[in-house]
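Atoms within a ligand are numbered from 1 in the order they appear, just like the ligands themselves. Side-chain atoms are counted along with the backbone in the values below, which use heavy atoms only and exclude waters and symmetry mates.
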Amino acid sequence: MRKEPAVKITNVYEGVVPISSSIRNAWIDFSSMDCSIVAIESDVIRDGKPVVGYGFNSNGRYSAGEILRRRVLPRLIEAEPGSLLDERGGLDHAKAWDVMMNNEKPGGHGERSVAVGVVDMALFDLASKIEDKPLYQYLSERYGDGQPDDSVFVYAAGGYYAPGKTVTDLQDEMRGFLDLGYDVVKMKIGGADLAEDLRRIEAVIDVLDGDGSRLAVDVNGRFDLHTALEYGRAIEPYGLFWYEEIGDPLDYHLNATVAEHYTGSIATGENLFSLQDARNLIRYGGLRPDRDTIQVDPALSYGLVEYLRIQDMLRQHGWSSRRCIPHGGHQFSLHIAAALKLGGNESYPGEFQPTGGFADDAVVEKSRVGLTDTPGIGFESKAAFYKVLRALHD
Ligand SMILES: O=C([O-])CC(=O)C(=O)O
Ligand SMILES: [Mg+2]
């Protein structure tokens, strides 16, 4: 086998970027939400400059800077360079993952999975840039069938509660999503009482020409079993796209009981951060492989190395990768969705800037978005975010 020159990590930079806003879901507001970012510099030189990989931690969890600075990054930097490489001298992502997780006990995943996810993303960005390929191509050759999807289903998530926001404002927001090319939209519920939420839901269905199958609703884990079943009975006649994260993400029994009574689709998993948690959901959560959706976000849950294990587990349990639509609305999952043939990816046309969203020139048509040929994840074609990432190391 031809040996490539071995890649070496020369510098690692870490920082925090605010992604705060006045929106609120049924559980949290985003008034102080922020996000960890990292840049990993290599000794590979292109156009006179080192090739750099970037990562960030999706949204919904605060920056994991302390864990990055004190645990994850020192292990990576102090590792024997050969311990991060495959037999060809390229980065071995699973080995890098083992290095980052050295001396970490199993279970209780919390923010540790977020810290590892940021670095894992940066290493994938770096490795695909070194091969001068867009990430979806790099991933499809390694972990897929070499024939990535050329576009990915995306739905527009929004419909948050916000101070002074009226039902008319909510309808205008949703009309804006349709004008951008989305056919399916998502709104928050569970942050008001049932009567008000039903008014909000019906107002949005009106905007969708009366078609409830184009509307997903998201509870962000707020309901106890009684409320979950009560809302379930009330919304079932609308035939919604899905009923999301209905109760506490780790309450598999609640989920299973709702799934027994609610015949429509259920989606959950954005707050499950490990293979073990996802496996428990499949074992005990009562989800139905013919209609339900798994939303594990690779960026929050130990990165793609762990997400690949989750895909294996799902396959073993008879689940299609098409039943996965990750949370987070970011470019990393867009590449993963195309390469691993997932069912789609979330998108937030109006929230979580500068980190969220796709390339500046990405066009959504009939709720599908194409991928660009930019090497790596393509942060370089997202000007406002790229400026923030560059500032980490320039
Ligand atoms: O409001 C949030 O935390 C984001 C969320 O649940 C989603 O995108 O599904
Ligand atoms: Mg959600």
Side-chain angles (χ1 to χ4, degrees), residues 18-35 56-63 111 113-114 117 153-163 165 170 173-174 177 182 184-192 197 200-201 204 215-223 228 231 235 240-251 254-255 258 265-273 277-278 281 285 287 292-301 324-334 337 342-353 355-358 367:
I19 53 169
S20 54
S21 70
S22 60
I23 59 174
R24 171 175 75 81
N25 64 34
W27 201 285
I28 62 166
D29 68 47
F30 288 78
S31 56
S32 54
M33 183 58 59
D34 60 13
C35 172
F56 75 104
N57 77 228
S58 191
N59 69 71
R61 297 283 157 163
Y62 298 92
S63 64
E111 315 300 318
S113 67
V114 177
F153 164 74
V154 281
Y155 68 93
Y160 282 83
Y161 302 96
K165 185 171 176 178
L170 175 64
E173 179 190 2
M174 296 294 157
F177 293 161
Y182 295 92
V184 177
V185 298
K186 183 165 94 182
M187 63 182 279
K188 299 299 177 183
I189 62 168
D197 273 340
R200 293 171 66 250
I201 290 171
V204 173
L215 173 63
V217 295
D218 187 358
V219 185
N220 288 98
R222 181 86 263 179
F223 292 159
Y231 264 71
I235 63 176
L240 297 177
F241 193 71
W242 69 48
Y243 183 19
E244 175 174 330
E245 210 179 30
I246 301 161
D248 186 286
L250 294 172
D251 191 342
L254 179 150
N255 205 77
V258 176
S265 303
I266 289 174
T268 193
E270 71 178 65
N271 289 301
L272 300 184
F273 291 167
D277 286 346
L281 176 69
L287 289 182
D292 294 331
T293 297
I294 315 285
Q295 297 176 293
V296 174
D297 179 341
L300 293 174
S301 52
C324 295
I325 302 184
H327 160 273
H330 51 76
Q331 283 172 301
F332 188 46
S333 288
L334 191 67
L342 306 185
N345 194 33
E346 185 166 18
S347 175
Y348 309 96
E351 312 297 344
F352 306 125
Q353 291 307 311
T355 56
F358 313 134
S367 253

- prompt: Does Lys165 reach the main-chain N or O of Tyr160 with its side chain, forming a donor-acceptor pair under 3.5 Å?
  reply: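 Between the backbone of Tyr160 and the side chain of Lys165 there is a qualifying donor-acceptor contact (under 3.5 Å).
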
*State, yes or no, whether a side-chain contact exists between Tyr231 and Ile246 at a heavy-atom distance under 4.5 Å.*
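SC-SC contact between Tyr231 and Ile246 ruled out.
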
Per-atom contacts of ligand 1 with [X], taking only distances under 4.0 Å to non-hydrogen atoms:
{"X": "Asn25", "result": "1 (O), 2 (C), 3 (O)"}
{"X": "His327", "result": "4 (C), 5 (C), 7 (C), 8 (O), 9 (O)"}
{"X": "Phe30", "result": "1 (O), 2 (C), 3 (O)"}

**Message:** Considering both backbone and side-chain atoms of Asp218, is one of its nitrogen or oxygen atoms within less than 3.5 Å of a nitrogen or oxygen in ligand 1?
**Reply:**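 Such a contact does occur with ligand 1.
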
Which of the N/O/S atoms in Glu270 sits closest to the Mg ion (ligand 2)?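 This residue's closest N, O or S atom turns out to be OE1.
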
### Task
Would you mind naming the N, O or S atom of Glu244 nearest to the Mg ion (ligand 2)?
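Per the distance ranking, Glu244 contributes OE2 as its closest N/O/S atom to the Mg ion (ligand 2).
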
May I ask whether [X] has any heavy atom positioned less than 4.0 angstrom from an atom of ligand 1?
{"X": "Tyr160", "result": "yes"}
{"X": "Glu245", "result": "no"}
{"X": "Lys188", "result": "yes"}

* Asked: Should the pair Tyr155 and Phe241 be assigned to parallel (<30°), tilted (30 to 60°) or perpendicular (>60°) ring geometry?
  ->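 Tyr155 and Phe241: tilted rings.
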
Over 60° means perpendicular and under 30° means parallel, so tell me whether Phe177 and Tyr182 are parallel, tilted or perpendicular.
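Because their plane-to-plane angle is over 60°, the rings of Phe177 and Tyr182 count as perpendicular.
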
Could you tell me whether the Mg ion (ligand 2) has an N, O or S atom of Asp218 under 2.8 Å away?
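So Asp218 does bind the Mg ion (ligand 2) by this criterion.
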
Practice item. Would you check if there is a donor-acceptor pair between the side chains of His330 and Asp297 at a distance under 3.5 Å? Key: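 Present: a donor and an acceptor within the cut-off.
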
Can you name the side chain to side chain donor-acceptor pair (under 3.5 Å) partners of Gln295, sequence neighbours left out?
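Residues passing side chain to side chain donor-acceptor pair (under 3.5 Å) with Gln295: Glu244.
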
